[in-house]
2 protein chains.
Amino acid sequence: MQDSEARQAFDGTRQKLLSSAERLFAERGYTGVSVRDVAGMAGVNSALVAYYFGNKRGLLSAVYLRHCLPLNQERIHLLQKYEATPGGASLEQVLDAFLRPSLAVSPGNDGHADYTRLRAILSCENSELLNEVIAEHTGVAASAFLAAFSRCLPYLSSKEILWRFHFLIGTLYHTGSHVSRMVVLSGGVCNPGDVEETLKQMIPFLAAGFRASAPESGTEAPLAQKLQAV
Amino acid sequence: MQDSEARQAFDGTRQKLLSSAERLFAERGYTGVSVRDVAGMAGVNSALVAYYFGNKRGLLSAVYLRHCLPLNQERIHLLQKYEATPGGASLEQVLDAFLRPSLAVSPGNDGHADYTRLRAILSCENSELLNEVIAEHTGVAASAFLAAFSRCLPYLSSKEILWRFHFLIGTLYHTGSHVSRMVVLSGGVCNPGDVEETLKQMIPFLAAGFRASAPESGTEAPLAQKLQAV
DNA sequence: GTCTATAGAGCGATAGAC
DNA sequence: GTCTATCGCTCTATAGAC
């Protein structure tokens with residue numbers, strides 16, 4: 001360990017506020033959490049939110065940006081690793097590259113599970129912030145994966161790829177944001193908190209769904225060309 | 001039409017409050033909407049919320065109960081209709097029976113699309129009300145469909161059925177609660193507001209996912225017996 | 001940097017006139 | 001039934017002491 005220096009950075013007030021906000025926003029959404037709640041969990045005064053982040057929205061933005069770029073970089077990195085293998089990336093590998101980093105849990109800053117839950121909740125609250133901040137950063141990774149999917153499934157038009165990518169996002173967000181409910185509902189049999197178990201269930205399901213033949217065959221565009229429009 | 005009597009019931013203050021609340025809660029969630037907002041959209045005074053529903057929570061509960069039972073009855077009715085055909089219900093028909101009523105849109109009280117969106121948002125806000133009110137009424141329909149799925153897919157254990165049902169819910173909720181975003185993202189190519197188009201895309205995708213061979217084969221329970229535990 | 005104290009706004013709920 | 005008026009509370013944000 002980098003001893004006291006690293007520990008101080010991790011335990012600093014700014015970081016404690018970020019971690020508390022990440023947890024609470026992921027649990028109860030943006031409007032359901034007050035800055036007092038966040039400051040209380042961090043063990044500091046609520047006025048410090050304004051000091052460090054300007055206002056409540058700045059705090060949310062900081063939480064978001066803390067994970068957004070790293071997560072998509074991990075996804076792209078994994079995708080490139082899989083594509084470097086002979087024969088390129090399989091559909092299962094493309095799915096793994098997209099999903100695995102979103103579900104990763106770790107004590108430090110490298111786990112994005114809370115962030116995925118936060119993302120799911122914010123996307124339901126349809127705050128303006130989501131439409132503003134998010135669109136900039138997700139576009140790059142999204143189009144890279146859309147291209148990877150159509151490389152694996154050349155018989156699908158871009159329309160089908162888009163629909164199925166939408167379904168993929170729904171499956172990911174719902175799984176990431178209803179962990180405890182799933183445990184209760186299944187009587188403990190299914191545990192979305194177990195990353196490997198979740199991937200083992202999700203990837204075959206989604207891969208089969210993506211591979212299904214197109215609902216209306218033949219009349220659609222040839223896919224690869226239309227991907228520019230995304 | 002039942003002339004003025006039916007019209008009066010539909011335009012009554014109570015109904016206007018219910019309709020306004022349904023729309024607004026579906027758009028911005030429970031905590032994001034004030035009773036003043038609801039009363040304003042209904043064109044009446046905010047004190048009438050207390051008069052008709054006791055308090056804000058009572059309003060939400062009324063909105064919920066207005067759709068909960070009818071929706072599940074329509075699902076069960078469709079399922080029974082499909083199961084009455086020779087050979088029983090196909091997997092695609094079971095999916096259709098579950099999904100179609102949730103996505104139906106209609107000017108009157110019979111469309112559940114707004115309700116599905118409301119359900120998706122509330123399930124993200126994880127309010128206590130959801131865990132209280134919802135659990136009572138959804139259990140019946142859910143277990144009927146879990147049984148129907150395992151009848152179509154006898155080689156799957158209850159564990160896999162539960163996981164895939166969870167994925168189905170995620171796909172449905174995300175599609176139902178991000179209609180406009182999907183339209184924008186796809187450049188107008190994909191429109192989840194079109195019920196038939198949505199079903200034509202969702203059902204083949206989900207059916208293929210459900211039919212995928214189990215991720216870990218052989219070692220699981222024989223499925224039908226374990227369904228009691230749900 | 002961290003705190004106390006508070007301004008200013010919006011909320012849910014209710015009392016009471018009509 | 002529907003309204004006005006208002007209480008009591010919580011929220012975000014800020015000013016200013018230390």
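Order of the sequence lines fixes the chain letters, A, B, ..., with proteins taken first and strands second; residue numbering starts at 1 for each chain.
- Classification of the B:H166-A:H178 ring pair by plane angle, with boundaries at 30° and 60°, yields perpendicular.
- Under the side chain to side chain contact (heavy atoms under 4.5 Å, CB included) criterion, B:T116 pairs with B:S102, B:L172, B:Y173, sequence neighbours left out.
- When the C1' atom of C:dT2 is taken as reference, atom CG of A:L17 falls 12 Å away, rounded to whole Å.
- Residues forming a ring pair (Phe, Tyr, Trp, His ring centres under 6.0 Å) with A:Y82 (at least two apart in sequence, or on another chain): none.
- Between the NZ atom of A:K16 and the P atom of C:dG1 there is a distance of 14 Å, given to the nearest Å.
- Rounded to whole Å, atom P of C:dT4 lies 10 Å from atom CG of A:L48.
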Annotated protein contacts, base or backbone, on nucleotides 12-18 of chain C with a non-hydrogen cut-off under 4.0 Å, one of B, S, - each: BBB----

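- With sequence neighbours excluded, the residues satisfying side chain to side chain contact (heavy atoms under 4.5 Å, CB included) with B:V195 are B:L103, B:V105, B:L199.
- Proximity of A:Y52 to the phosphate of C:dT2: a side-chain N or O atom is located under 4.0 Å from OP1 or OP2.
- Taking atom OH of residue A:Y51 and atom C1' of nucleotide D:dA15, one finds them 16 Å apart after rounding to whole Å.
- Note on residues 41-54 of chain A: no pairs pass side chain to side chain donor-acceptor pair (under 3.5 Å), not counting sequence neighbours.
- An OP1 or OP2 oxygen of D:dG1 is reached within less than 4.0 angstrom by no side-chain nitrogen or oxygen of B:T13.
- Checked against side-chain hydrogen bond (donor to acceptor under 3.5 Å, both in side chains), A:T171 has the following partners two or more places apart in sequence or in another chain: B:T171.
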